[in-house]
Participant: 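First the structure, then my questions, so here it is.
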2 protein chains.
Amino acid sequence: MPAISKREQIITEALRLFYQNGFNATGVDRIITEAGVSKKTLYNHFRSKDELVLATLRKRDELFRNNLMRETERLASTPRERLLAVFDVVGAWFQEKGFSGCMFINAAAEFSDTADPCRILSAEHKRLVCDYIRGLAEQAGAKDPDELSKQLNLLIEGAIVCAYVGADEAAAERAKSMAMVFLSQAFC
Amino acid sequence: MPAISKREQIITEALRLFYQNGFNATGVDRIITEAGVSKKTLYNHFRSKDELVLATLRKRDELFRNNLMRETERLASTPRERLLAVFDVVGAWFQEKGFSGCMFINAAAEFSDTADPCRILSAEHKRLVCDYIRGLAEQAGAKDPDELSKQLNLLIEGAIVCAYVGADEAAAERAKSMAMVFLSQAFC
DNA sequence: ATAAAGGTACACCGATCGGTTTATCTTGTC
DNA sequence: GACAAGATAAACCGATCGGTGTACCTTTAT
């Protein structure tokens, strides 16, 4: 049993390639070459490319939300401050070298069938991020934590699109200042 | 010369297919079959599939913004009311049968190279929509029309993602009520 | 020592990809 | 009636797609 399993190697490399170059544009031959495994090994761990795509999206969800929570809690100590710190975390994400937008928005763009497992997982990811924010809003004692979390979530999505498609460097900062308005609203 | 040129037939059908099923997932064979033209004819009008993709995006930008402006101006008569009516127009768009998100966000998801003509055109489209809103803000006499337009634009992008990826039916309505806050702010 | 598990390399499969070629047919215009 | 323009269907191209089969090689547990 190797230190990192073949399965993890494949997922890690597929994640990078799918995120950077898209799902349909990335062939399995490219994945096995860059992961340094044989095709047989890939199909030994995953029934099909579709299943591999799903596995990478699950991994991405895990990594993304863990990082979001860790960084948010590192940057601020009170729940209310953390509701704003979220925007600093996504702002730092936008500045990352390989930033290619939100992988789940990208997945929704490529998999047009609403019933596709990838689409269901993407919607689930968005729900989980929103859930985290709602948790912070509850801890902060917001009047309507559910509504506040949905408002802040909408601002985050907007910032992602403005930053990625519109190449707007100020998107995260703008979303943050917009969030302040709803934050002060939510605490009278 | 036919009533509708072959070129327009191809663009119309390609637009539908690219929007519904994605760019990489739609082959030229499918396009010519559904457009009812020969492959020779397609390549007589377009040098490559890439060029056809660009032509469909240009068409989409034209159709989308024309519809946005027409409907916005139909729904409200004063510039300030129109700044809000924009959200009703996008809300109606979300309800359309074939709604598949924003074609330019989808294009940005599939074409990862920032220098790709499709990416440049997508950024341009977003800029032009924002420009229209800024024009309304100027007419309405907003204090800072540029900032207001960027705020409202961010809300629109957020609503699109929440509606498409998150399947949030209330996204447009929420974005509209959020917009009201910044509108009242912009007029002291 | 050996057998099972899991790895590798590589040939191979039919289907589809974007794109070209050829040969034929229709359609105005002069 | 002749001719050029532009259309058609269909064969064809090499490359790549997702996925399988075969034969060999390591590792590890019994």
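Order of the sequence lines sets the chain letters (A, B, ...), proteins ahead of strands, with each chain counted from 1.
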Participant: Listed by chain and number, what are the side chain to side chain donor-acceptor pair (under 3.5 Å) partners of B/Lys49, not counting sequence neighbours?
Facilitator: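 With neighbours one apart ignored, the set is empty.
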Participant: What is the distance, to the nearest angstrom, from the CD1 atom on B/Ile31 to the P atom on C/dT16?
Facilitator: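 Going from CD1 in B/Ile31 over to P in C/dT16 covers 16 Å.
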Participant: Is there a residue in residues 35-48 of chain A whose heavy atoms reach under 4.0 Å of DNA chain C, and which residues are they?
Facilitator: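 Residues of residues 35-48 of chain A under 4.0 Å from DNA chain C: A/Gly36, A/Val37, A/Ser38, A/Lys40, A/Thr41, A/Asn44, A/His45.
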Participant: Is it possible for you to check whether A/Arg174 lies under 6.0 Å from the centre of the six-membered ring of A/Phe87, through NZ or CZ, and within 45° of that ring's axis?
Facilitator: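 No, A/Arg174 does not lie over the aromatic ring of A/Phe87.
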Participant: Measuring from atom NE2 of A/His45 to atom CD1 of A/Ile10, what distance do you get when rounded to the nearest 0.5 angstrom?
Facilitator: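 Between A/His45 NE2 and A/Ile10 CD1, I get 5.5 Å after rounding to 0.5 Å.
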Participant: Check each of A/Glu71, A/Arg70, A/Arg65 against A/Asn67 using the side chain to side chain donor-acceptor pair (under 3.5 Å) test, and report the only one that passes.
Facilitator: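 With A/Asn67 as partner, side chain to side chain donor-acceptor pair (under 3.5 Å) holds for just one option, A/Arg70.
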Participant: Could you state the atom-to-atom distance from NZ of A/Lys6 to P of D/dT26 in whole Å?
Facilitator: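 Spelled out: NZ on A/Lys6 to P on D/dT26 is 14 Å.
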Participant: Just the rounded figure in Å: distance from P of D/dC17 to NZ of A/Lys49.
Facilitator: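 Value for this atom pair: 8 Å.
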Participant: What is the distance from CZ of A/Phe18 to C1' of D/dG18, rounded to the nearest Å?
Facilitator: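 Spelled out: CZ on A/Phe18 to C1' on D/dG18 is 11 Å.
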Participant: Take the protein atom CG of B/Asp29 and the nucleotide atom P of D/dC13, then report the distance between them rounded to whole Å.
Facilitator: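 Roughly 16 Å, once rounded to whole Å.
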Participant: Please check if the distance between the ring centroids of B/Phe23 and B/Phe111 is under 6.0 Å.
Facilitator: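 Centroid separation for B/Phe23 and B/Phe111: below 6.0 Å.
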Participant: Find out whether the Lys NZ or Arg CZ of B/Arg60 is both under 6.0 angstrom from the six-membered ring centre of B/Phe104 and within 45° of the ring's axis.
Facilitator: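 Cation-pi check for B/Arg60 and B/Phe104: fails.
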Participant: Provide, to the nearest angstrom, the distance between the CG atom belonging to A/Asp50 and the P atom belonging to D/dC17.
Facilitator: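 Taking CG of A/Asp50 and P of D/dC17, I get 15 Å after rounding.
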Participant: Starting from P on D/dA15, measure out to CZ on A/Arg30 and report it in whole angstrom.
Facilitator: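 Those two atoms, CZ and P, are 18 Å apart.
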Participant: Nearest whole angstrom, please: distance from the P of C/dG18 to the CD of B/Glu51.
Facilitator: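 So the two atoms are 15 Å apart, to the nearest Å.
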